[in-house]
Every structure is written in structure tokens, then in C-alpha cells.
Amino acid sequence: MASFLTLHSFCLFSILFAVTVTATNCASTALKPTTHFRFYMHDDFTGYTGTKPTAMRIVTMPKLSINDTSPRTFGDVAVLNNLLTKGPSHESELIGRAQGFSVRVADGGLVNALSLHLVFEHGTFAGSSIYMEGRIPLNEPIRESVLVGGTGQFRFARGYLISENYDYNLVTGGVVEVNVYVM
């Protein structure tokens with residue numbers, strides 16, 4: 001009976017040791033960004049980047065209150081085909097397009113649920129794309145979104161994006177700085 005308990009204790013200790021070592025190894029090898037790059041997205045509702053807008057509201061919901069003066073409303077839907085450039089000027093070198101849609105999901109239209117494909121047309125990542133989803137609170141100075149996949153060089157990619165307004169307002173749109181961290 002004593003040898004059974006000793007064997008049982010040894011097995012239990014071995015299992016606990018293996019679990020501890022595995023958990024420690026997983027924690028010490030947490031994913032770190034392997035690629036970081038920055039670009040600027042031109043969210044143009046008025047046509048300042050050319051002859052036509054690159055973002056357009058396709059569903060405009062009625063105001064919930066007569067006192068609501070926000071240019072955006074809960075339930076609005078916008079489609080995007082925004083320029084992605086190396087610098088903040090819309091005349092800067094074109095990298096690609098941000099294509100997707102946004103739904104205003106909070107009163108006053110200040111929070112968007114954003115679904116976006118970042119399609120690279122020129123440069124190092126030409127022919128590849130990144131897909132991201134995010135809750136974008138427009139009144140926050142810095143927003144974080146999740147990178148959920150990609151194509152080409154970004155196939156099976158994971159990571160996150162940090163976006164912040166460079167020069168932006170709710171009426172006309174503007175320029176958003178985007179930092180991408182790919183794992």
C-alpha cells in the first residue's frame with residue numbers, strides 16, 4: 001500500500017510540474033509584434049482628396065431628439081473607400097485603400113462598429129490586405145482595434161491597430177493616423 005501511495009504521489013507531482021512548466025513557457029513566449037508600420041487614412045466625406053468623396057453615409061437615421069445637433073446619428077451606416085498614404089497629406093505617396101463599412105452604435109453617433117479591409121496596392125505589401133474589426137469611440141483620442149486576419153503576406157495574421165485623429169471632424173471627415181502591429 002505504501003508503494004502505491006508513493007507512486008500515486010510521484011505521478012501527481014509530475015503532472016503538476018509539467019503543467020507549471022508549460023504555463024510558464026506559454027507566459028514567457030507571449031506574442032509580440034513582429035511587424036509595425038504607420039500610415040494615414042483619409043476619411044473624406046466631402047471630396048477634399050479629389051473630385052469625389054471616399055466615404056459616404058448610405059443610411060441616415062432620423063434624429064432621436066429635436067435637440068440633437070450631432071452630424072451623426074445612432075443607426076447611420078457609412079461605406080468607405082478611403083485613401084491610405086505614407087504621410088498625412090492626401091497628396092502623399094499612395095499605399096492602398098481602406099474599404100469597408102461603419103455603423104453608428106451609440107446615441108449621438110459618436111461610437112462606430114467598424115469593419116475594414118486595409119488593401120495594399122503599392123509598396124512592400126502590395127497585393128496583400130489586413131482585415132480589422134473595432135469599436136471606434138470618436139470622442140476618444142486613441143482607439144484600439146483588433147486585426148483578425150489578412151491575405152497575401154498577412155495570411156493568418158493577428159494583431160492590433162491603434163488609430164488617432166490627425167486632423168479630423170465629424171462633419172467633413174479628415175485624416176486618421178493608423179499604427180498597425182502584426183504578430
Side-chain angles (χ1 to χ4, degrees), residues 14-45 48-50 53-55 77-106 110-170 173-183:
S14 296
I15 291 170
L16 289 174
F17 180 75
V19 168
T20 302
V21 169
T22 302
T24 302
N25 286 341
C26 288
S28 66
T29 59
L31 291 175
K32 293 179 176 59
T34 57
T35 302
H36 166 250
F37 51 93
R38 174 182 321 154
F39 52 82
Y40 295 84
M41 180 177 76
H42 299 268
D43 194 25
D44 178 7
F45 278 89
Y48 75 87
T49 60
T54 62
V77 177
V79 292
L80 311 169
N81 186 29
N82 295 335
L83 300 176
L84 300 177
T85 61
K86 276 193 174 181
S89 167
H90 70 276
E91 295 173 344
S92 178
E93 183 180 342
L94 181 67
I95 297 171
R97 295 278 182 168
Q99 298 173 328
F101 64 93
S102 169
V103 179
R104 315 285 184 232
V105 294
L110 292 177
V111 178
N112 294 337
L114 182 62
S115 175
L116 203 57
H117 293 268
L118 305 173
V119 181
F120 299 98
E121 299 170 341
H122 306 282
T124 306
F125 304 116
S128 299
S129 69
I130 292 174
Y131 179 68
M132 58 82 51
E133 288 280 336
R135 179 184 181 274
I136 309 296
L138 296 173
N139 57 339
E140 296 291 326
I142 297 176
R143 285 99 44 188
E144 183 173 335
S145 303
V146 63
L147 189 159
V148 295
T151 64
Q153 295 180 53
F154 298 112
R155 189 174 294 133
F156 299 114
R158 294 287 181 260
Y160 61 98
L161 291 86
I162 301 293
S163 61
E164 58 186 296
N165 294 343
Y166 180 84
D167 181 16
Y168 194 90
N169 72 64
L170 287 175
V175 182
V176 177
E177 181 180 325
V178 180
N179 283 279
V180 178
Y181 299 88
V182 181
M183 307 302 184

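- Residues Gly87 and Tyr40 come closest through the heavy atom pair C-CD1, 3.3 Å.
- Checked by atom type and distance alone, the side chain of Thr34 pairs as donor or acceptor with a backbone atom of Val182 at under 3.5 Å.
- Using a 4.5 Å cut-off on side-chain heavy atoms (C-beta onward), Pro53 and Phe45 make no contact.
- Of the inter-residue distances, the one linking His122 atom NE2 with Lys86 atom NZ reads 11.5 Å to the nearest 0.5 angstrom.
- Between Tyr160 and Met183 there is a side-chain heavy-atom pair separated by less than 4.5 Å.
- Between Asn179 and the choices Glu164, Arg38, Glu144, the side chain to side chain donor-acceptor pair (under 3.5 Å) rule is met once, by Arg38.
- Between the Ser128 side chain and the Gly152 main chain, no donor and acceptor come within less than 3.5 Å of each other.
- Atom OG of Ser129 sits about 9.5 Å away from atom CD of Gln99, to the nearest 0.5 Å.
- Residue Arg143 comes nearest to Glu140 through the heavy atom pair NH1-O, 3.0 Å, listed as atom of the first residue, atom of the second, then distance.
- Distance check: Met41 CE to Ile95 CD1 gives 13.0 Å after rounding to the nearest 0.5 Å.
- The two residues Arg104 and Ala78 have their closest heavy-atom pair at NH2-CB, 4.0 Å.
- Residues Ile130 and Phe120 meet the side-chain proximity criterion, which asks for heavy atoms closer than 4.5 Å.
- Proximity of Met132 to Leu114: side-chain heavy atoms (C-beta onward) are separated by under 4.5 Å at one or more points.
- Partner of His42 under the side chain to side chain donor-acceptor pair (under 3.5 Å) criterion, chosen from Thr54, Thr85, Asn82: Thr85.
- The one candidate from Leu116, Leu110, Asn112, Val176 that meets the side chain to side chain contact (heavy atoms under 4.5 Å, CB included) condition with Ile136 is Asn112.
- Interatomic distance, CZ of Arg97 versus CG of Leu80, reported as 11.5 Å (0.5 Å rounding).
- By the 4.5 Å heavy-atom criterion applied to side chains, Phe39 and Leu118 are counted as neighbours.
- To the nearest 0.5 Å, atoms CG (Leu161) and CD (Glu133) are separated by 11.5 Å.
- Classification of the Phe125-Phe37 ring pair by plane angle, with boundaries at 30° and 60°, yields tilted.
- Once rounded to the nearest 0.5 Å, the distance linking CG of Leu83 with CG of Asp43 reads 10.5 Å.
- Under a 3.5 Å cut-off, the side chain of Ser145 and the backbone N or O of Gly134 do not form any donor-acceptor pair.
- Counting heavy atoms from C-beta on, the side chains of Glu177 and Pro88 never come closer than 4.5 Å.
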